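Notes follow the structure.
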Amino acid sequence: EAAIAQAEAGDVDGAVSVLRRRVEDDGGDVSAWLALGSVLCTAKRWDEAVVALREAVDLDGDVTVTRVLYARALEGAGKNDDAVFQLLRASKQKPYDAAVLRELGSAFYRKGLYDKALQWLMKARAAAAADPLEEARALYAVGLAQEARRDAGAAILAYQGAIEKD
């Protein structure tokens, strides 16, 4: 926690040093690898983040947030197909987690696969029905996908729905 606070205060290199020492002392500490990967992602040091988060996933692949963060690092490093694969795995772990489904839909959107993105984003919206803020996020993403598909009417409806929710 102290290293994360250190990074948030602007001392990313210091936080990375602390966390690297931590994983050297205890290479099996998933939380330390996750924290290191998170700080490296924030600093956009994608290749280093990929290494740290791969280690965290290898140690405990059942932690969905680790897999999602790993996917973000992979995407940052230009490994979009690998990122989608990790998000698909995360969606199997938590098939009704709206944030995971939205992240997957967004990854397909960034790859230019708008129809596939829309399928996952609609699942995210359905999964978010009890959470207005998360549903608004999903609807906004649906609007972007519809706009990319050149369906302006559907995009407008999605954006209006997002505004109504939040």
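All figures in this text were calculated on a predicted structure; none of them were measured in a lab. Residue indices begin at 1 and follow the sequence shown.
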OH (Tyr114) with more than 12 external heavy atoms under 6.0 Å: yes
task: Can you establish whether the number of heavy atoms outside Lys94 located under 6.0 Å from its atom NZ is more than 12?
output: no
message: If you define the side chain from C-beta out and look only at heavy atoms, does anything of Leu34 sit under 4.5 Å from Leu69?
response: yes
query: Can you tell if the side chain of Leu157 reaches within under 4.5 Å of the side chain of Gln146, non-hydrogen atoms only?
result: no
message: For Glu55, run the side chain to side chain contact (heavy atoms under 4.5 Å, CB included) check against Val51, Val57, Leu53, Leu59 and tell me which one passes.
response: Leu59
query: So, Gln93 side chain and Gly61 main chain: donor-acceptor pair closer than 3.5 Å or not?
result: yes
message: To check you understand the geometry: which heavy-atom pair defines the closest contact between Arg22 and Ala32, and what is its length?
response: CG-CB, 3.5 Å
- line: Tightest non-hydrogen contact, residues Leu104 and Ser91, listed as CD2-OG, 4.0 Å
ILVMFWY network linking [X] to [Y], side-chain heavy atoms under 4.5 angstrom:
| X | Y | result |
| --- | --- | --- |
| Trp33 | Val39 | yes |
| Leu118 | Leu139 | no |
| Val16 | Val30 | yes |
| Leu113 | Tyr109 | no |
| Trp46 | Tyr70 | no |

field: Aromatic plane relationship, Trp120 with Phe108 - under 30° parallel, 30 to 60° tilted, over 60° perpendicular
entry: parallel
task: Scan Glu103, Arg67, Arg54 and name whichever one has a side chain to side chain donor-acceptor pair (under 3.5 Å) with Gln86.
output: Arg67
query: Do the charged groups of Arg137 and Asp131 touch, with an N to O distance under 4.0 Å?
result: no
Intermediate values then yes/no, side chain to side chain contact (heavy atoms under 4.5 Å, CB included), Val100 and Thr64: CA-CA 8 Å; Val100 170; Thr64 305; 3.8 Å; yes
